[in-house]
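Report on the structure given below.
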Amino acid sequence: AASLGGLLPATALAQKKIVLGFSQVGAESEWRTANTESIKASAKEAGFELKFSDAQQKQENQIKAIRSFIAQKVDVIAFSPVVESGWETVLREAKAAKIPVVLTDRSVNTKDDTLFVTFMGSDFVEEGRKAGRWLVEKMKDQKGDVNIVELQGTVGSAPAIDRKKGFEEIIKADPKFKILRSQTGDFTRAKGKEVMEAFLKAEGKKINVLYAHNDDMAIGAIQAIEEAGLKPAKDITIISIDAVKGAFEAMIAGKLNVSVECSPLLGPQLMSAVKDIKAGKPLPKRIVTEETIFPMEVAAKEFPNRKY
Ligand code: GZL
């Protein structure tokens, strides 16, 4: 009898599962954990086979994962690039293999935008502007200097570069705002605490404001501020980004002044983009996540509505 193995019935071929290869940055923050959960749950919901790789925040691991997806001939490759540069070679290999690529969350530096189908994620510059605008409003009656320390995200990452840019674009309007020190805390609680300890040792009571590029570093810094005998959100005004659960808990406890929302719930949009790609539908080059800002005054009311 003819070997059925070689002759899949049309229905089976038609129902061949879409295979999505996803290379994730790591598991560095609450935001990242929520992002991973959203992607895994949405892939399951969509009936896709998901090949998921965690790069532990190392670019070379992401490049290895993308090469492995190419070798396995997945239908679509998606990833959140840990840093902006160094992707053109491996993206050209994906293009040569005719495997479409979707960027989620963070973007890449390239002049050749045929190397990816679409980039979906937040506008990090606008997130920095929102943080800056909140601070300008908060300090509008402050006559003297407003001394700021800044905990940057991962060096070379789109969110770190753009959140810094947007914040400075707003505060540069008034010379009273001074950034005394700015250093990376790599988006983690541990590093955020360590760097804030160094800031406090160097600048002590001169610090009026902490601007943290994500909630995890802000939560680490809050511990350092308390261990230094100071009151977070009172002695030092704290501005952060992501609006994860930990940030709402800190705001409800009166230890964080404000968190700018950055939604990790990109799973549904990603799966819809994969379906469109496989159906041959065109996609916009850029899909921007809509998001807002949460000052501590609204935290208790908003908390029950939060999904991440
Ligand atoms: C932002 C995302 C950042 C978060 C951090 O979209 O890339 O990475 O702000 C996370 O919490 O580590």
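Ligands are counted one by one from 1 in listed order, and the atoms in each one are counted from 1 as well.
- The shortest contact between atom 6 (O) of ligand 1 and any protein heavy atom is with D105 OD1, 2.4 Å.
- Close contacts between ligand 1 and P159 involve ligand atoms 7 (O) [criterion: under 4.0 Å to a heavy atom].
- Residue S29 approaches ligand 1 through these ligand atoms, each under 4.0 Å from one of its heavy atoms: 5 (C), 10 (C), 11 (O), 12 (O).
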Derivation of the side-chain hydrogen bond (donor to acceptor under 3.5 Å, both in side chains) call for E127 and H213: CA-CA 9 Å; E127 289 173 353; H213 290 186; over 6 Å; no

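- Checked against a 6.0 Å centroid threshold, the rings of F79 and W87 count as neighbours.
- With a 6.0 Å radius and a threshold of 12 heavy atoms from other residues, nucleotides or ligands, K205 has its NZ atom at or below the threshold.
- Of all atoms in ligand 1, listed by their number and element, those nearer than 4.0 Å to a heavy atom of C262 are 1 (C), 6 (O).
- At a 4.0 Å heavy-atom cut-off, ligand 1 touches R163 through the side chain alone.
- Between D216 and T188, the side chains place no donor N or O within less than 3.5 Å of an acceptor N or O (distance only, hydrogens not considered).
- Under 4.0 angstrom from ligand 1, there are no non-hydrogen atoms of S80.
- Here the heavy atom of the protein found nearest to atom 3 (C) of ligand 1 is R106 NH2, 3.7 Å.
- Among the candidates I179, N208, I207, the single residue satisfying the side chain to side chain contact (heavy atoms under 4.5 Å, CB included) test with N147 is N208.
- Contact analysis leaves G121 out of contact with ligand 1, as no non-hydrogen atom separation drops below 4.0 angstrom.
- No heavy atom of S122 sits closer than 4.0 Å to any atom of ligand 1.
- With F124 as the aromatic partner, K164 does not meet the cation-pi criteria of under 6.0 angstrom to the ring centre and within 45 degrees of the ring axis.
- The distance from ligand 1 to the heavy atoms of F124 drops below 4.0 Å at these ligand atoms: 1 (C), 6 (O).
- With a 6.0 Å cutoff to the six-membered ring centre and a 45° limit on the axis angle, K40 counts as a cation-pi contact of F52.
- Remark: minimum distance from atom 4 (C) of ligand 1 to any protein heavy atom is reached at D242 OD1, 3.5 Å.
- Among protein heavy atoms, atom 12 (O) of ligand 1 sits closest to E28 OE2, 2.5 Å.
- Side-chain contact between D75 and K16 is present, with at least one heavy-atom pair separated by less than 4.5 Å.
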